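One structure is given here, and the rest of the page talks about it.
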There are 2 protein chains.
Amino acid sequence: MTEQSRPPAGSRAAASPLSRSRVVRAAIALADAEGLEAVSMRRLAAELCVVPMALYKHVASKGDLVTAMIDAIVSDYPTPAEGSEWTAAIRARVLGARAALLEHPWLRTAIEGATERTPAVLGHMNALVGDLVAGGCSYDLAHHAMHALGHRIWGFSPEAFASSGAAATSPAPDPQLLAQIARAFPHIAGVAAEQQRRHPAGCDERFEFEFTLDLLLESFARLRDSGWQSS
Amino acid sequence: MTEQSRPPAGSRAAASPLSRSRVVRAAIALADAEGLEAVSMRRLAAELCVVPMALYKHVASKGDLVTAMIDAIVSDYPTPAEGSEWTAAIRARVLGARAALLEHPWLRTAIEGATERTPAVLGHMNALVGDLVAGGCSYDLAHHAMHALGHRIWGFSPEAFASSGAAATSPAPDPQLLAQIARAFPHIAGVAAEQQRRHPAGCDERFEFEFTLDLLLESFARLRDSGWQSS
DNA sequence: CTTGACGGGTGTACAGCGTACACCTAGAGT
DNA sequence: ACTCTAGGTGTACGCTGTACACCCGTCAAG
């Protein structure tokens with residue numbers, strides 16, 4: 001939709017001369033619009049008015065492309081204000097990552113499947129460890145803390161319980177079947193009922209995210225104060 | 001390898017008459033042996049000495065197949081001993097899941113990509129919530145606790161930091177490049193050095209897993225004791 | 001005993017994927 | 001003027017999931 005025929009006028013093909021960053025930006029736009037599975041080399045090429053193989057002059061492979069997509073977004077994660085309290089700094093970074101993830105829903109899948117650690121990715125991790133040690137955590141504790149945070153540092157909690165409370169989105173709920181499920185899984189039903197009572201609007205993912213994040217940050221602080229070490 | 005030519009003798013084709021469970025078991029075996037990406041309908045069919053489309057008489061689609069694969073394994077997660085302490089019960093379930101995951105490395109990817117919640121899956125979640133409320137947690141707290149545990153209830157922590165400390169597996173470490181990385185990311189280098197000093201054998205994933213698990217379980221106990229609620 | 005339904009394996013076909021390889025062409029450097 | 005090369009093109013291969021028509025053996029009802 002955007003970015004078309006900038007040069008002279010007519011010729012239906014390649015507007016600007018194509019470049020790695022243009023390819024990556026187009027891929028991100030396409031993924032934003034239609035999901036990561038819509039990003040095929042052929043489709044992306046079409047979007048750029050170019051033949052599929054042309055892309056390979058700018059990215060080494062599809063894997064390289066998605067790595068570059070991740071990198072592009074991670075590169076401008078926000079940086080917390082200078083002199084923030086360490087837990088506040090971590091919160092800011094993690095919630096910044098989360099904000100990016102909400103903008104680019106495909107990012108989660110991409111990160112889960114990624115294998116390469118680009119400089120931007122390493123930089124993010126480095127900064128988080130930096131926050132931890134600035135807060136008085138040992139490198140030892142910081143290491144385990146990073147593991148504990150897990151994918152949360154990329155802004156998402158693994159949604160083990162996803163759409164279990166809110167499973168009844170579009171398809172017909174069918175009260176009879178629902179009752180049967182409730183009988184078979186009474187505790188899940190209990191959770192759903194209590195959730196329904198307290199938060200009829202449904203499960204607030206942001207709340208869940210911060211709940212666990214803060215649980216972990218408090219635990220880290222406690223371990224730090226008690227001089228915990230792993231050996 | 002197993003299960004061949006049970007009827008009369010010779011004919012090189014379909015030994016037993018094929019069935020959903022035989023298909024699923026073969027798929028699991030194939031995934032165990034060569035990874036989930038090796039499980040294509042064509043390949044699996046070949047493994048069963050059958051034409052690809054024959055499988056569709058027993059599974060609705062590839063997605064249905066992998067769901068069934070997950071279900072088959074989750075179905076025989078171990079059950080903790082009757083009367084266990086609640087945190088011990090949860091630990092047992094979660095570590096049982098983890099054991100299954102180590103046996104079937106593809107399971108992680110499969111679960112991450114799964115969308116259907118089968119009865120076995122719901123049963124596992126139901127049992128965990130049951131443990132929490134048996135331990136005196138409210139349904140409210142249990143709900144958030146399940147979110148906090150996240151994929152850990154399936155036996156894996158999201159490995160955000162994976163192979164960062166142990167990145168130097170097969171490829172040449174190249175000390176010059178390594179030094180440059182260390183300069184660019186001093187905190188990561190710090191973690192790596194400290195880890196190297198304390199645990200030269202490398203990062204013990206099981207330790208990391210239990211570290212976070214116990215952190216969370218302690219936090220839940222504390223919240224329970226303080227009468228925490230979410231409203 | 002015949003007949004008709006039907007469960008389950010077969011064969012062909014299609015659209016889509018990533019990408020290897022050979023080719024061509026426009027512009028820059030000597 | 002001549003070559004070199006970066007970058008876009010075209011064709012082709014092997015792979016994927018699966019729709020659709022077919023066909024055959026078993027078994028129940030007439």
Side-chain angles (χ1 to χ4, degrees), chain A residues 3-8 10-27 30-31 34-70 106 109-110 113-116, chain B residues 3-8 10-27 30-31 34-70 106 109-110 113-116:
Chain A
E3 191 143 355
Q4 252 173 336
S5 57
R6 196 133 42 83
S11 83
R12 82 223 180 300
S16 11
L18 205 52
S19 71
R20 182 172 173 97
S21 101
R22 224 167 81 80
V23 168
V24 172
R25 274 183 292 125
L30 181 53
E34 307 189 31
L36 191 56
E37 75 285 354
V39 181
S40 73
M41 299 306 267
R42 286 172 157 88
R43 176 68 200 282
L44 180 57
E47 217 72 25
L48 289 161
C49 301
V50 120
V51 89
M53 288 310 292
L55 303 177
Y56 286 88
K57 293 282 150 78
H58 303 278
V59 299
S61 66
K62 172 128 193 228
D64 182 37
L65 173 64
V66 308
T67 303
M69 291 168 70
I70 296 173
W106 51 270
T109 318
T115 151
E116 299 273 332
Chain B
E3 191 144 353
Q4 250 174 335
S5 57
R6 194 133 41 84
S11 82
R12 80 221 182 304
S16 9
L18 206 54
S19 71
R20 183 172 171 95
S21 101
R22 225 168 80 79
V23 168
V24 172
R25 274 182 294 124
L30 181 53
E34 307 189 32
L36 191 56
E37 75 285 353
V39 181
S40 74
M41 297 308 266
R42 285 172 158 88
R43 176 67 200 282
L44 180 57
E47 216 72 26
L48 289 161
C49 301
V50 120
V51 89
M53 287 311 291
L55 302 178
Y56 285 88
K57 293 284 150 85
H58 303 278
V59 299
S61 65
K62 171 127 194 228
D64 181 38
L65 174 64
V66 307
T67 304
M69 291 167 70
I70 297 172
W106 50 270
T109 318
T115 151
E116 299 272 332

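None of these values were measured; they are calculated from a predicted model. Every chain is numbered from 1 and lettered A, B, ... according to where its sequence line falls, protein lines coming before strand lines.
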Quiz prompt | Per-nucleotide protein contact string for nucleotides 23-28 of chain C (B base, S sugar-phosphate only, - none; heavy atom under 4.0 Å) | solution = ------

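Listed candidates were dG8(D), dT18(D), dT19(C). Nearest to the side chain of Lys62(B) is dT18(D).
For the pair Leu48(A) CG and dT9(D) C1', the computed distance is 15 Å after rounding to whole Å. The distance from atom OH of Tyr56(A) to atom P of dA22(C) is 17 Å, rounded to the nearest whole Å. What separates CG of Leu65(A) from C1' of dC17(C) is a distance of 14 Å, to the nearest Å. Rounded to whole angstrom, the span from the CG atom of Leu55(A) across to the C1' atom of dA20(C) amounts to 15 Å.
Counting heavy atoms from C-beta on, the side chains of Leu55(A) and Leu65(A) never come closer than 4.5 Å.
The two residues Ala54(B) and Leu18(B) have their closest heavy-atom pair at CB-CD2, 4.4 Å. When all heavy atoms are compared, the tightest approach of Ser61(B) to Tyr56(B) is CA-CE2, 4.0 Å. Minimum heavy-atom separation, Pro52(A) to Ala45(A): CA-CB, 3.4 Å.
When the salt bridge (charged side-chain N to carboxylate O under 4.0 Å, His left out) test is applied to Arg42(A), no partner is found at least two apart in sequence or on another chain. Partners of Glu34(B) according to the salt bridge (charged side-chain N to carboxylate O under 4.0 Å, His left out) rule, which considers only residues two or more places apart in sequence or in another chain, are Arg43(B). For Ala114(B), the side-chain contact (heavy atoms from CB on, under 4.5 Å) test picks out Ile70(B), with sequence neighbours left out. Partners of Thr109(A) by side-chain contact (heavy atoms from CB on, under 4.5 Å), not counting sequence neighbours, listed by chain and number: Leu36(A).
Comparing Val51(B) and Met53(A) by the nucleotide of DNA chain C whose heavy atom lies nearest to each, the residue mapping closer to the 5' end is Val51(B).
Atom CG of residue Leu30(A) and atom OG of residue Ser40(A) lie 8.0 Å apart, to the nearest 0.5 angstrom.
Contacts with DNA chain D (heavy atom under 4.0 Å) in residues 38-45 of chain A: Arg42(A), listed by number.
The side-chain contact (heavy atoms from CB on, under 4.5 Å) with Val23(B) is formed by just one residue from the set Met69(B), Lys57(B), His58(B); it is His58(B).
Contact check, His58(A) against dG8(D): a side-chain N or O comes under 4.0 Å of OP1 or OP2.
The list of salt bridge (charged side-chain N to carboxylate O under 4.0 Å, His left out) pairs with a residue in residues 58-68 of chain A, not counting sequence neighbours, reads Arg20(A)-Asp64(A).
The overall bend of the helix from dC1(C)-dG30(D) to dT30(C)-dA1(D), read as the angle between its terminal helix axes built from five base pairs each, is 10° when rounded to 10 degrees.
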